[in-house]
**Q** 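Handing you this structure, nothing more for now.
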Protein chains: 2
Amino acid sequence: MEAVLTEAVALLDEAGESALTFRALAARLGGGVGSIYWYVSSKDELLDRAADHVLADVLRAAEMLTGSDDPIDDLRAIAMTLFDAIADRPWLGAYFMRNTGVQPHGMKLYELIGEQTLRLDLTRRERFHAVSAVIGYVVGIAADMGQQPPQEVRDGEVSREDYLSRFVAQWRAMDADQYPFVHHIVDDFEVHDDADQFSAGLDLLLAGLRLQAGA
Amino acid sequence: MEAVLTEAVALLDEAGESALTFRALAARLGGGVGSIYWYVSSKDELLDRAADHVLADVLRAAEMLTGSDDPIDDLRAIAMTLFDAIADRPWLGAYFMRNTGVQPHGMKLYELIGEQTLRLDLTRRERFHAVSAVIGYVVGIAADMGQQPPQEVRDGEVSREDYLSRFVAQWRAMDADQYPFVHHIVDDFEVHDDADQFSAGLDLLLAGLRLQAGA
DNA sequence: ACCTGAACACCGTTCAAGT
DNA sequence: ACCTGAACACCGTTCAAGT
């Protein structure tokens, strides 16, 4: 079982979600295709378990970062850890924290985030909503980033920079009267850093939460 | 072309993403499998175009709701419209506003959201980040919601209520010492409404933005 | 209890051939 | 210019058979 998940994660890390195939996995494990079904009942479950396998480390890292005086700072640290994990492994995005019953570490992470809100002066419902918002935000930005770029970029025929700059050129070519905002931010877009972008949005969310908690 | 997209959307609406197959689509159109490739170069492009086809209506609805005195209120109205669209069509979540160059309406929606921030006292970079944050949040919550429930629920063998209550029972059965937060919010989770949840988190984000803009 | 691998029922995509 | 449908190279999943 352990080996199945380790090899599955390796396959995902090396070549992305499309590379994880029962046949490819069986080949790496030196066995037959069918044997994987002894450990896992479907590909969906395999992906859930692979994701949760990786979340064990993420959870450990997140736990290390909590315990400061300020629960909102802790919330920030946890969210950043999650972001880093998905930035490292884009395939995680899709199977991240699905509370399916086979994701114990995902559940523990949910709990850890929630516990920070227990330290804030909020109603139960506000706490529930705050946690949903933080997780939703992380997943959303991650999904946006993890969007697999077109084939040519994946194959290395076109570099990420060229891809981005082609994008930027396309934006610049748009009608300035119809797209004032696009033109307004295109320079910032050109040099933007995903982590900064994530961090800035997270700050808005947490500022709203701090206001609500009166902290 | 129009017919291809209309039927593709119909297929997606009726039975979800897995039902959209080149063979199924060709059958509905009364033609051969290969002919679809005349209009679209891959399945990914088909899904992009189907999503954008639907975004035309979303854009129109969103445009109707803007123009109030308060740009943040307008931002809120647009985000709510997006949320409703994805709630109606869970398959949209995954192909929502991918700025791929074949999604003109997605681009226009991005512009529309951005234009609201032009009315706020922010730096260019803050505007760029604010728009990313709002879209990221919408996509994230939508992805969470659009997560297809297990087979038994989809087949109607188990109702959504039973599924949710089984979930709740599982949460209640967890160790109260190890999962204080989960126990804290399980009652709220049991009766929660997705739209409320979305709305509450959006308010946090927008409160943070309002603070930043000093508005 | 755990594994094998052929077989089944699908996919997306290509392409020579048609109109 | 637009369409056809057989063919190809894959998939996930099942299952009788093995150890």
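In the text below, chain A, chain B and the rest are named by the order of the sequence lines, each starting its count at 1.
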**Q** Between atom CG in B/Leu29 and atom P in D/dG5, what is the gap in whole Å?
**A**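 Interatomic distance, CG of B/Leu29 to P of D/dG5: 13 Å.
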**Q** What integer number of Å spans the C1' atoms of C/dC11 and D/dC8?
**A**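 Each nucleotide's C1' atom is 12 Å from the other's.
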**Q** For each nucleotide in nucleotides 12-19 of chain C, reading 5' to 3', give B when a protein heavy atom comes within less than 4.0 Å of its base, S when such contact involves only the sugar-phosphate, and - otherwise.
**A** BBB-----
**Q** With the threshold set at under 4.0 Å for non-hydrogen atoms, list the residues of residues 3-12 of chain B touching DNA chain D in residue-number order.
**A**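 Heavy-atom cutoff 4.0 Å gives no residues at all.
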**Q** Excluding sequence neighbours, so at least two apart, what forms ring pair (Phe, Tyr, Trp, His ring centres under 6.0 Å) with A/Tyr110?
**A**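 Ring pair (Phe, Tyr, Trp, His ring centres under 6.0 Å) check on A/Tyr110 returns B/Trp171, B/Phe181.
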**Q** Output all residues satisfying salt bridge (charged side-chain N to carboxylate O under 4.0 Å, His left out) with A/Asp187, sequence neighbours left out; order by chain, then residue number.
**A**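 Salt bridge (charged side-chain N to carboxylate O under 4.0 Å, His left out) check on A/Asp187 returns A/Arg172, B/Arg124.
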**Q** From A/Leu11 CG over to A/Thr6 OG1, what is the distance, rounded to the nearest 0.5 angstrom?
**A**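 Result: 12.0 Å between the selected atoms.
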**Q** Under a 3.5 Å distance rule, please check whether B/Glu115 uses its side chain to pair with a backbone N or O of A/Pro180 as donor and acceptor.
**A**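 Flag not set: sc B/Glu115 to bb A/Pro180 has no pair under 3.5 Å.
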**Q** Rounded at 0.5 Å granularity, tell me how far OH in B/Tyr37 sits from NZ in B/Lys43.
**A**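 Output value for this atom pair is 9.0 Å.
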**Q** Using whole Å, report how far CG of B/Leu25 lies from C1' of D/dC3.
**A**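 Checked: the CG to C1' distance equals 14 Å.
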**Q** Check this one for me: any side-chain N or O of A/Trp38 less than 4.0 Å away from OP1 or OP2 of C/dC3?
**A**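 Answer is no, no contact under 4.0 Å.
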**Q** Just by distance, do the side chain of A/Arg125 and the backbone of B/Asp188 share a donor-acceptor pair under 3.5 Å?
**A**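 No; judged by distance alone, with no hydrogens or angles, the pair does not exist.
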**Q** Which dot-bracket string fits DNA chain D when only Watson-Crick or G-U wobble pairs with both atom distances under 3.5 Å count, crossing pairs get [ ], and | stands for a partner on a different strand?
**A** ||.|||||...|||||.||
**Q** Tell me if a side-chain donor or acceptor on B/Gln116 pairs with a main-chain N or O of B/Leu112 at a distance below 3.5 Å.
**A**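 Side chain of B/Gln116 to backbone of B/Leu112, a donor-acceptor pair under 3.5 Å: yes, one is there.
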**Q** Under the side chain to side chain contact (heavy atoms under 4.5 Å, CB included) criterion, do A/Arg76 and A/Asp74 qualify, and how do the steps go?
**A** CA-CA 5 Å; A/Arg76 186 169 212 294; A/Asp74 283 359; over 6 Å; no
**Q** May I have the distance from A/Glu17 (atom CD) to D/dC11 (atom P), rounded to whole angstrom?
**A**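 After rounding, the gap between these two atoms is 14 Å.
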**Q** Please say which of A/Ile113, A/Val58, A/Leu59 ends up in a side chain to side chain contact (heavy atoms under 4.5 Å, CB included) with A/Ile78.
**A**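 For A/Ile78, the side chain to side chain contact (heavy atoms under 4.5 Å, CB included) test succeeds with only one of A/Ile113, A/Val58, A/Leu59, which is A/Ile113.
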**Q** Taking the same atom, P, in C/dA17 and in D/dC2, what whole-Å distance lies between them?
**A**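 Between the two P atoms, the distance is 22 Å.
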**Q** List the atom pairs, donor and acceptor, that lie under 3.5 Å between side-chain atoms in residues 45-56 of chain B and the rest of the protein, sequence neighbours left out.
**A**
unit_1, atom_1, unit_2, atom_2, d
B/Glu45, OE1, B/Ser41, N, 3.3
B/Glu45, OE1, B/Ser41, OG, 2.8
B/Glu45, OE2, B/Arg49, NH1, 2.2
B/Asp48, OD1, B/Arg98, NE, 2.9
B/Asp48, OD1, B/Arg98, NH2, 3.1
B/Asp48, OD2, B/Arg98, NH2, 3.2
B/Asp52, OD1, B/His105, N, 3.1
B/Asp52, OD1, B/Gly106, N, 3.0
B/Asp52, OD2, B/His105, N, 3.2
B/Asp52, OD2, B/His105, ND1, 3.0
B/His53, NE2, B/Glu2, OE2, 3.1

**Q** Is it the case that atom CE in B/Met64 sees more than 12 heavy atoms from other parts of the structure closer than 6.0 Å?
**A**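 Not buried by this count: 12 neighbours or fewer within 6.0 Å.
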